[in-house]
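Excluded from the calculations below are hydrogen atoms, water molecules and symmetry mates; all remaining heavy atoms, backbone and side chain alike, are included. Atoms within each ligand, like the ligands themselves, are counted from 1 in listed order.
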Amino acid sequence: MKFFVDTADVDEIRALNELGLLDGVTTNPSLILKSGRDIMEVTKEICSIVDGPVSAEVTATDYEGMMSEAAVLAEIADNICIKLPLTLDGLRACKALTSAGHMTNVTLCFSANQALLAAKAGATFISPFIGRLDDMAIDGMEVISEIRKIYDNYGFTTQILAASIRTVNHVKDAALIGADVATVPPSTLKALVKHPLTDKGLEAFLADWAKTGQKIS
Ligand code: G3P
């Protein structure tokens, strides 16, 4: 499973990238707002830190507007992935951009049928939002499972990018189902390493090691 980080915070991105854990980055208008920075400037900086796909989202809602914003975003760097909403205009733009050789990420996906349409439009990634479905008492993970089955039935190569991840169990369950990518907030990504028995075991090893009086040198 590939790990993308869902943030526009360059300090967080740099730190996670140095750990060797990052395969890409996803941003959206809300994350740009949170960063307090200019979209072009911050996206350029992110693209210079991470080699993998960096999703930058269009904000126009009509096909022509999406295409002209996509042209501006695509100029930022070679690893830009154009993020488009799951609307008819978004799907049309997805088809055109994919055919022109761009990476595309179709976002705001909440059903298997929407994901089927994105695959038909040639999307590189489909972003089903797990947490926002769970918030409405609809099982977000079930949608990931349905999409996996449908894509496998027909050999669609669109990658399932599990998004709106809120917990470490979301990551585990998406991995068990076979989602290709998880885009995870920095805090959740770092929480994946945590286990009380790891901390306890390390403490015991270090205490015993101190008693040996040895040094590895
Ligand atoms: O980038 C899309 C996404 O992951 C949104 O997450 O937490 O705002 O539902 P959230």
Legend entry - Backbone N/O of Asp38 and side chain of Glu41: donor-acceptor pair under 3.5 Å: no
Inset, instruction - Specify the protein heavy atom at minimum distance from atom 6 (O) of ligand 1: its residue, its atom name, and the distance to 0.1 Å. - result: Ser164 CA, 3.3 Å
Legend entry - Pairing of Arg14 and Glu45 as salt bridge, 4.0 angstrom limit: yes
Legend entry - atom 7 (O) of ligand 1: the protein heavy-atom neighbour that sits closest, reported with distance to 0.1 Å: Arg166 NE, 3.3 Å
Inset, instruction - Have a look at ligand 1 and work out which part of Lys83, if any, has a heavy atom under 4.0 Å from it: side chain, backbone, both or neither. - result: side chain
Legend entry - Identity and separation of the nearest protein heavy atom to atom 8 (O) of ligand 1: Arg132 NH2, 2.8 Å
Inset, instruction - May I ask you to check whether Thr183 has an N/O atom sitting below 3.5 Å from an N/O atom of ligand 1? - result: no
Inset, instruction - Mark up the atoms of ligand 1 that fall under 4.0 Å of a heavy atom belonging to Ala163, in ascending order. - result: 4 (O)
Legend entry - Shortest protein contact, atom 2 (C) of ligand 1 (heavy atom only): Phe129 CZ, 3.3 Å
Legend entry - Closest approach of any protein heavy atom to atom 4 (O) of ligand 1, naming residue and atom: Asp6 OD2, 2.5 Å
Inset, instruction - Check whether more than 12 heavy atoms from other residues, nucleotides or ligands sit under 6.0 Å from atom CD of Glu203, and answer yes or no. - result: no
Inset, instruction - Using a strict 4.0 Å threshold on nitrogen-to-oxygen distance, state whether Asp180 and Arg148 make a salt bridge. - result: yes
Inset, instruction - Give a yes-or-no answer on whether the side chains of Thr107 and Glu57 include a donor-acceptor pair shorter than 3.5 Å. - result: no
Legend entry - salt_bridge(Arg132, Asp135) N-O dist < 4.0 Å: no
Legend entry - Where ligand 1 meets Asn28 - atom numbers and elements under 4.0 angstrom, heavy-atom basis: 1 (O), 2 (C)
